[in-house]
Amino acid sequence: MARGARPKIDPALDLAPYLKTVEGLQGVFDPCAQLGRVAPVEIEIGSGKGLFLTRIARTCPDRLFVGVEIAKSYAALIAGRLAKAQATNALIFQGDGVRFADEHIAPNSVDAFHVYFPDPWWKKKHRKRRVLNERLLRAIERNLKPGGRLHFWTDVQEYFETTLELIAEVTRLEGPLEVAESSPEHDLDYRTHFERRSRLSGLPVYRSEFICRELSEPATPPPVE
Ligand SMILES: C[S@@+](CC[C@H](N)C(=O)[O-])C[C@H]1O[C@@H](n2cnc3c(N)ncnc32)[C@H](O)[C@@H]1O
């Protein structure tokens, strides 16, 4: 992700309640216990500058939101924004979102996963670094409640198509469901920073949504190596 000039974080803000690290986790993380109430849980992997996370936390106070962002500076920036807004229903983890979803989230406990404009890793030899890989997809399927949803948007057609193929191959998530394009009236009406950037540049945005149906049998385990 291109690093531009970033707003400074007010040093008077206490980031500790909002900023955690994946490294610091031991065992399963329970967002309801951490945030002190039982409510639907949504997780965003790769939150970037946090436009989606900070805004959705404000507009949906009855839901809990957890972001995971690998870049330390962005994670701190998001924590600063949540602290400034005195959010009581959201926090950000700095660290690897794949590991977070695979190792630290309980099965059947999440209402939605959001992955918006993941880094494309254009070169074929680098594609294995993509965040929406088999490990993350299997974790998403395992952790979603029946009726839970995966939202995946990108501006990279090849990433979109290969990921949709991978979802069909390794999960039983149902989709892609049709996602309507919004008509933003204001600069902040875009869902994420990258959606705004793409659409203002006239680039297409590929949107998908998948739903987890109640499965009668457990999902096929990954092959033993
Ligand atoms: C292209 S940006 C998109 C940011 C935001 N979702 C948006 O749409 O504006 C991708 C973000 O994913 C983060 N990222 C990359 N790999 C990650 C990983 N394994 N876990 C968590 N975040 C990751 C990057 O640091 C970057 O901020």
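Note that ligands are numbered from 1 as they come in the structure, with each ligand's atoms numbered from 1 the same way.
- Only the side chain of V131 comes within 4.0 Å of ligand 1, counting heavy atoms alone; its backbone N, CA, C and O stay farther away.
- Atom 14 (N) of ligand 1 has its nearest heavy-atom neighbour, among I45, I70, V205, in I70.
- Checked options R149, K145, R63; the residue passing with D111 is K145 (criterion: side chain to side chain donor-acceptor pair (under 3.5 Å)).
- Considering CZ of R99 and CD of E23, their distance stands at 5.0 Å, rounded to 0.5 Å.
- For E69, a nitrogen or oxygen atom sits less than 3.5 Å from a nitrogen or oxygen atom of ligand 1, counting backbone and side chain alike.
- Every atom of ligand 1 is numbered from 1 in the order shown, and the set under 4.0 Å from a heavy atom of Y116 is 3 (C), 5 (C), 6 (N), 8 (O).
- What you find for R199 and S182 is that their closest heavy atoms are NH2-O, 2.9 Å.
- Close contacts between ligand 1 and G95 involve ligand atoms 20 (N), 21 (C) [criterion: under 4.0 Å to a heavy atom].
- When all heavy atoms of G95 and V68 are compared, the pair lying nearest together is O-CG1, 3.5 Å.
- Side-chain N/O atoms of Y159 and R130 include no donor and acceptor closer than 3.5 Å.
- Across all their heavy atoms, L15 and A83 have their closest contact at CD2-CB, 4.2 Å.
- Look at P120 and you'll find every heavy atom at least 4.0 Å from all atoms of ligand 1.
- Which parts of ligand 1 touch G97 is read off a 4.0 Å heavy-atom cut-off, strictly below it: atoms 18 (C), 19 (N), 20 (N), 21 (C).
- Residue contact check: V68 has heavy atoms under 4.0 Å from atoms 21 (C), 22 (N) of ligand 1.
- Of all the atoms in ligand 1, the ones that sit under 4.0 Å from a non-hydrogen atom of G48 are 4 (C), 27 (O).
- The H193 neighbourhood of ligand 1 comprises atoms 9 (O), with distances under 4.0 Å to a heavy atom of that residue.
- Listed by atom number, the atoms of ligand 1 under 4.0 Å from F117 heavy atoms are 1 (C), 2 (S), 3 (C), 8 (O), 10 (C).
- For F152 and F113, the distance between ring centers is not under 6.0 angstrom.
- The ligand atoms of ligand 1 that sit less than 4.0 angstrom from a heavy atom of T192 are 7 (C), 8 (O), 9 (O).
- A side chain to side chain donor-acceptor pair (under 3.5 Å) with S198 holds for exactly one of T192, T154, D155; it is D155.
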